[in-house]
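Everything below concerns the one structure shown next.
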Amino acid sequence: MTVITTVGSAERHLPAERATLVARVSVSHTDRATAIAEGTALHNRLAERAGELHASGDATWHHASTLSTGVRQWVDHDGTTHREHVTSSSVQVKLSNLNRVADTVEQLSAMGATVQTSWSLTEATRTRVTREIRAAAVSAARQEADDFASALGTTIARVATLRSGDAGAAPMALRSAAPASHESAEVSIPDLAVRVEVTAEFETS
């Protein structure tokens, strides 16, 4: 008896169904009170916009983090020491209406935030597709094992072990800066790969 170990995989690509925007706030000023006031005002505007998207049904979820304030200090080339107070925070919103991604990124960026976009499938879609392609991954592993067995002049008697290594669907990210003109940016919805991988051990007859 010979034990043959093979790896089988299957993959399917589907268009993203959700876009999570993370708008980051960073306001600096030599005066601490001013940094806090300006940072808070920007944070509140971003949070209000995220709440509006949620209330309208364009988003499924939003979250505003707690603001934090720190000090940044550096020395320039002539030895002068500089000191600034920095107020930071972030606001997240998950869009289900992907037609709103471009204009929302543009709006949040224009307010003064740095916006990062990540794409994903819904959990229901990811689970359904993963289940659908598992059989194809097992079949690929078995086919490779059959090829090796044939080369050895024997056949597969049984499957000894089968180990799953589902990879799921990896999110994609795109960092966006404030638009340079009044033209609306175009956003292409990416395809995300759902991948399943299995490792199997087969015993020959």
Salt bridge between E123 and R126, side-chain N to carboxylate O under 4.0 Å?
-> yes
Is any side-chain N of the basic residue among E144 and R142 closer than 4.0 Å to the acidic one's carboxylate O?
-> no
Grouping ILVMFWY residues whenever side-chain heavy atoms fall under 4.5 Å, the cluster of F148 otherwise contains I4, L152, I156, V159, F202
Other hydrophobic cluster members with M1, side-chain heavy atoms of Ile/Leu/Val/Met/Phe/Trp/Tyr under 4.5 Å, chained?
-> V3
Go through the side-chain N and O atoms of [X] and [Y] and say whether any donor and acceptor fall under 3.5 Å apart.
X	Y	result
D31	H85	no
E201	T161	yes
S205	T155	yes
N44	E48	no

Find out if a path of hydrophobic residues (ILVMFWY) with successive side-chain heavy-atom gaps under 4.5 Å connects [X] to [Y].
X	Y	value
V93	V22	no
V91	M111	yes
L98	L21	yes
V115	L42	yes
V105	I189	yes

Name every donor-acceptor pair, under 3.5 Å, that has one atom in a side chain of residues 11-18 and the other anywhere in the protein, sequence neighbours excluded.
unit_1: E11; atom_1: OE2; unit_2: H13; atom_2: NE2; d: 3.2
unit_1: R12; atom_1: NH1; unit_2: E132; atom_2: OE1; d: 2.5
unit_1: E17; atom_1: OE1; unit_2: T122; atom_2: N; d: 2.8
unit_1: E17; atom_1: OE1; unit_2: T122; atom_2: OG1; d: 3.2
unit_1: E17; atom_1: OE1; unit_2: T125; atom_2: OG1; d: 3.0
unit_1: E17; atom_1: OE2; unit_2: T125; atom_2: OG1; d: 3.1

Say whether, by atom type as modelled, one donor and one acceptor occur between the side chain of [X] and the main chain of [Y] under 3.5 angstrom.
X	Y	answer
T87	G39	no
T104	R100	yes
T127	A124	no

Output, in order, the C-alpha distance, side-chain angles, deciding distance and verdict of side chain to side chain contact (heavy atoms under 4.5 Å, CB included) for L67 and T69.
-> CA-CA 7 Å; L67 281 89; T69 302; 5.8 Å; no
After noting the C-alpha distance and the side-chain angles of L108 and R49, does the key distance pass the side chain to side chain contact (heavy atoms under 4.5 Å, CB included) rule?
-> CA-CA 8 Å; L108 300 181; R49 182 60 187 135; 4.1 Å; yes
Exceeds 12 heavy-atom contacts within 6.0 angstrom, atom CZ of R128 = yes
With sequence neighbours left out, the residues meeting side-chain contact (heavy atoms from CB on, under 4.5 Å) with N99 are N97
Set of residues satisfying side-chain contact (heavy atoms from CB on, under 4.5 Å) with respect to V86, sequence neighbours excluded = S26, S28, R72, S88
Do W74 and R83 have side-chain heavy atoms sitting under 4.5 Å apart?
-> no
Partners of T40 by side chain to side chain donor-acceptor pair (under 3.5 Å), sequence neighbours excluded?
-> none
Inter-residue atom distance [X].[atom1] - [Y].[atom2], 0.5 Å rounding:
X	Y	atom1	atom2	result
Q92	S65	CD	OG	8.0 Å
L95	W119	CG	CH2	8.5 Å
R45	Q107	CZ	CD	13.0 Å
E203	T2	CD	OG1	10.0 Å
S68	I36	OG	CD1	10.0 Å
K94	D58	NZ	CG	15.5 Å

Side chain to side chain contact (heavy atoms under 4.5 Å, CB included) assessment of R134 paired with V198 | CA-CA 8 Å; R134 278 178 179 146; V198 297; 6.0 Å; no
Could you please spell out the steps behind the side chain to side chain contact (heavy atoms under 4.5 Å, CB included) verdict for T20 and T117?
-> CA-CA 6 Å; T20 300; T117 306; over 6 Å; no
So, for H54 and H62, is the gap between ring centers shorter than 6.0 Å?
-> yes
Where is the tightest heavy-atom contact between A10 and A137, given as atom of each residue plus distance?
-> CB-N, 3.8 Å
Do you know the tightest heavy-atom contact between V194 and I133?
-> O-CD1, 3.4 Å
